[in-house]
Amino acid sequence: MRKKKTLFSMLSVLFAAILLLSGCFSGQGNTSPKPSSNGKGGDSASAGPKILHLNNNEEPGSLHPGTAQGTHDSWILEGLFEGLTKKTPEGKIVPGMAESWETSKDGLTWTFHLKDGMKWSNGDPVTAGDFEYAWKYVLNPKTASEYAYQLYYLKGGEAYNSAKKNADLKALEDKVGVKATDDKTLVVTLEQETPYFLDLTSFYTYYPVDKKVQEENPKWALEASTYVSNGAFKLADWKHKESMKLVKNENYYDKDKIKLDEVDFVQIANENTAWQMYKSGELDMVYPLPQDVQGQLMASKNPEFHNGPDLSTYYYNLNNKVKPFDNVKIRKALAMAINRKVIVENVAQGGQKPAYSIVPPGIPDVNGDYQENGGDLFKEDVTEAKKLLKEGLAEEGMSKMPEFTILYNTDEGHKKIAEAIQEMWRKNLGVNVKAQNVEFQVKIDREHAGDYQISRAGWVGDYVDPMTFMDLWVSNGSYNDAKWSNKDYDALIKKAKTSMDPATRMTAMHDAEKILMDEMPIIPIYFYTKPYALKSYVSGFFTPINRYPQYIYADINKK
């Protein structure tokens, strides 16, 4: 067992890395446009309420912290809720609902003490029991939460979530390592020492829910009229697939630091339409940007353009259960025939970096950066790709590659990338490909069901450690939409999760990543950046490395 001092040192290193790698406050220009005549974009304090206008390009799949799973869910949730901890604009982990905490010498037991007087938006007290209830709700197999595995770090968490149909769920639930010993004390017991656990407690799956509300109305998170939250804002209006209105939460303990009175989201899927709304003053910030626009803004050094690091990877899933994608040579041929430099420079145009591995830059290794230490794990090579495709088809008893379809969620940027890859595969391999766009939630549902051949995917790290990417492809993993399985890979991930030695766990993940890229169940395309446009009269936005640009501490000052 390791001493508390050792755990504290590891956390200190991790937090320092987060501080260095997180974005910073957006730069503010000196030009202050005159308020628009239609009142859009907020007003100065003397002229009226401060209203920030944003675009969320997808209808949230869920606004219940226990079942949410997309970035378009989390962007809203991060304004509505707060966990035991939260992140500052500088990227530090600081107390949220918790006032303080301590750990046992072996790093397995964490005791959190909640602040006095914490309230839900409906006036109910926020208690340690709300956290216990929420975490066990996520793990309850009846909830079917896709993110339940993020709580497997709790002692007994995986056993409860993986229980068989006829198991004694109550007995398994009672063994889960989270217990409210009183209204203000939460004791958490982990399966093994987890250096990034404190980071996880700021993640939305670890948010509390009002136990009383959940038990009285299980559908509370479906409408604004019944919605209850504990964050800086509360949900005042929700016109499904159209708009959402968040207003300042008068019950939030830190409300004096919240400058905005209201945050209004419109749902516009078309990035070009959103950009035009930004230009006309209907939006104060726009993210994501159309790909050609972000290229132009970068080139012109427009002061309203901001770009930062993003702990995320753009990749394609290959359905390993569907022929001929069950053949490793065919999978590798498709990966090697893509010109990523052309995609990032001529299509994506946001300063992205071609990806030849799956874990993006920005995560610390024992020494240095994990991705840089791992390096490129495969190469583009059209000649070798042709050879592998021919061999793979022969192994499958095929004379030519059958026509197949790329599935992507409706978005102009995804469409352009799919079209570019279509043409590369046609030109380099003589392969005919179709593309199909569907709504985001439909895409997710089809991926989970295995109802696709190739699909566009992207993953944002939930916490700053390689494991946030590496455990995606364990056998039967919740997000293993490639339907791939490898016993050696599973063993290395297990080793990395259970080892107490930083060097051992990092080596295990590097070795696992080499297997992943050698088997190529998924095709990395590029490592994201975070390009967005923000009006010069808006201040206080910040960009954590693994979150959307944050509006919680934003302010509007028009002259």
Side-chain angles (χ1 to χ4, degrees), residues 62-68 73-74 76-88 93-102 110-140 143 145 147 150-151 154 173 176-188 197-236 246-258 263 550 552-553:
S62 172
L63 283 186
H64 190 303
T67 54
D73 303 348
S74 67
I76 307 292
L77 285 171
E78 285 159 0
L80 295 171
F81 281 86
E82 185 170 288
L84 293 168
T85 62
K86 62 182 179 181
K87 288 187 177 180
T88 68
I93 299 290
V94 297
M97 289 287 109
E99 178 73 38
S100 62
W101 52 83
E102 62 263 1
W110 292 71
T111 303
F112 294 89
H113 306 280
L114 270 60
K115 291 182 170 79
D116 291 330
M118 298 297 95
K119 292 183 180 180
W120 291 98
S121 56
N122 66 352
D124 288 346
V126 177
T127 69
D130 292 328
F131 280 92
E132 177 185 353
Y133 179 84
W135 295 7
K136 288 180 176 179
Y137 174 85
V138 173
L139 287 168
N140 189 327
T143 302
S145 172
Y147 255 134
Q150 288 289 26
L151 283 97
L154 306 186
E173 178 185 316
V176 174
V178 55
K179 180 68 176 176
T181 57
D182 57 47
D183 283 349
K184 290 183 58 183
T185 308
L186 187 74
V187 179
V188 182
F197 180 69
L198 208 57
D199 196 340
L200 279 168
T201 59
S202 71
F203 185 63
Y204 62 82
T205 309
Y206 282 77
Y207 289 160
V209 297
D210 188 327
K211 178 181 178 181
K212 177 182 174 183
V213 169
Q214 175 75 37
E215 290 182 335
E216 291 179 354
N217 178 17
K219 296 182 179 180
W220 64 271
L222 298 179
E223 301 294 340
S225 60
T226 53
Y227 203 85
V228 177
S229 59
N230 72 324
F233 298 92
K234 60 184 180 180
L235 185 60
L246 279 59
V247 299
K248 188 173 180 177
N249 180 7
E250 66 276 6
N251 286 331
Y252 183 56
Y253 70 96
D254 219 11
K255 63 182 178 181
D256 291 344
K257 292 183 180 178
I258 308 305
V263 182
Q550 298 290 290
I552 295 172
Y553 298 112

query = Between Y227 and L63, is there a donor-acceptor pair closer than 3.5 Å when you use the side chain of the first and the backbone of the second?
reply = yes

query = Just how far is it from atom OH of Y252 to atom CH2 of W120, taken to the nearest 0.5 Å?
reply = 13.0 Å

key: Taking every non-hydrogen atom, the tightest pair across T185 and A128   = O-CB, 3.4 Å

request  = For the residue pair L235 and L80, establish whether any side-chain heavy-atom pair is separated by less than 4.5 Å.
outcome  = yes

request  = Let me see the working for T67 and S145 under side chain to side chain donor-acceptor pair (under 3.5 Å), right down to the final yes or no.
outcome  = CA-CA 5 Å; T67 54; S145 172; over 6 Å; no

task = Give a yes or no on whether a salt bridge exists between K87 and D199, defined as a side-chain N under 4.0 angstrom from a carboxylate O.
result = yes

E82 side chain near Y253 side chain, heavy-atom distance below 4.5 Å = yes

inquiry  = I'd like to know whether Y137 forms a side chain to side chain contact (heavy atoms under 4.5 Å, CB included) with V209, so could you lay out the CA-CA distance, the side-chain angles of the two residues, the decisive distance to 0.1 Å, and finally the verdict.
reply    = CA-CA 9 Å; Y137 174 85; V209 297; 5.6 Å; no

task = Describe, in one word, how the ring planes of F197 and F112 are oriented to each other, choosing from parallel (under 30°), tilted (30 to 60°) and perpendicular (over 60°).
result = tilted

ask   = Does D124 reach the side chain of K119, with side-chain heavy atoms less than 4.5 Å apart?
value = no

request  = Determine which pairs satisfy salt bridge (charged side-chain N to carboxylate O under 4.0 Å, His left out) with at least one residue from residues 214-235, sequence neighbours left out, and list them in order.
outcome  = K234-E250

ask   = Backbone N or O of G96 within a donor-acceptor pair of the K115 side chain at under 3.5 Å?
value = yes

ask   = Does the separation of the ring centres of F131 and Y207 fall below 6.0 angstrom?
value = no

task = Report yes if some heavy atom in the side chain of W110 is under 4.5 Å from a heavy atom in the side chain of T201; otherwise report no.
result = no

key: Nearest atoms (heavy-atom pairs only) where L186 meets A180   = CD1-N, 4.1 Å

ask   = Step by step, would you call Y204 with D73 a side chain to side chain contact (heavy atoms under 4.5 Å, CB included)?
value = CA-CA 10 Å; Y204 62 82; D73 303 348; 5.7 Å; no

task = Would you name the heavy atoms of S62 and A68 that are closest together and state the gap between them?
result = O-CB, 3.5 Å

task = Take L114 and E99 through the side chain to side chain contact (heavy atoms under 4.5 Å, CB included) test and state the conclusion after the steps.
result = CA-CA 5 Å; L114 270 60; E99 178 73 38; over 6 Å; no

message = Could you tell me if Y206 and Q150 have a donor-acceptor pair between their side chains, going purely by distance under 3.5 Å?
response = no

Worked verdict on L198 versus W101 for side chain to side chain contact (heavy atoms under 4.5 Å, CB included) = CA-CA 10 Å; L198 208 57; W101 52 83; 3.6 Å; yes

Test item: P208 and N230 side chains (from C-beta on) under 4.5 Å apart, heavy atoms = yes

inquiry  = For a quick test of reading the model, state the closest non-hydrogen atom pair linking S229 to N249 and the distance between them.
reply    = O-ND2, 4.2 Å

key: Test item: T205 and L151 side chains (from C-beta on) under 4.5 Å apart, heavy atoms   = yes

Inter-residue atom distance Q214.CD - Y133.OH, 0.5 Å rounding = 4.5 Å

note = Interatomic distance, CG@L139 vs CG@L154, rounded to 0.5 Å, equals 6.0 Å

query = Hey, what do you get for OG1 (T85) to CD1 (I93), rounding to the nearest 0.5 Å?
reply = 5.0 Å

remark   = In terms of heavy-atom contacts, K136 and V176 come closest through CE-CB, 4.1 Å

note = In this structure, CD of E132 is separated from OG1 of T181 (nearest 0.5 Å) by 9.5 Å

Atom pair OG1 (T127) and CG (D182), whose distance is rounded to the nearest 0.5 Å = 10.0 Å

ask   = Strictly by modelled atom types, are D210 and W220 linked by a side-chain donor-acceptor pair under 3.5 Å?
value = no

task = Apply side chain to side chain contact (heavy atoms under 4.5 Å, CB included) to V94 and list each qualifying residue two or more places apart in sequence or on a separate chain.
result = K86, T88, K92

key: Minimum heavy-atom distance between I258 and K248, given as atom pair plus value   = O-NZ, 2.9 Å

ask   = Between the side chain of N122 and the main-chain N/O of V228, is any donor-acceptor distance below 3.5 Å?
value = no

ask   = Do we see a donor-acceptor contact under 3.5 Å between the side chains of T143 and N140?
value = no

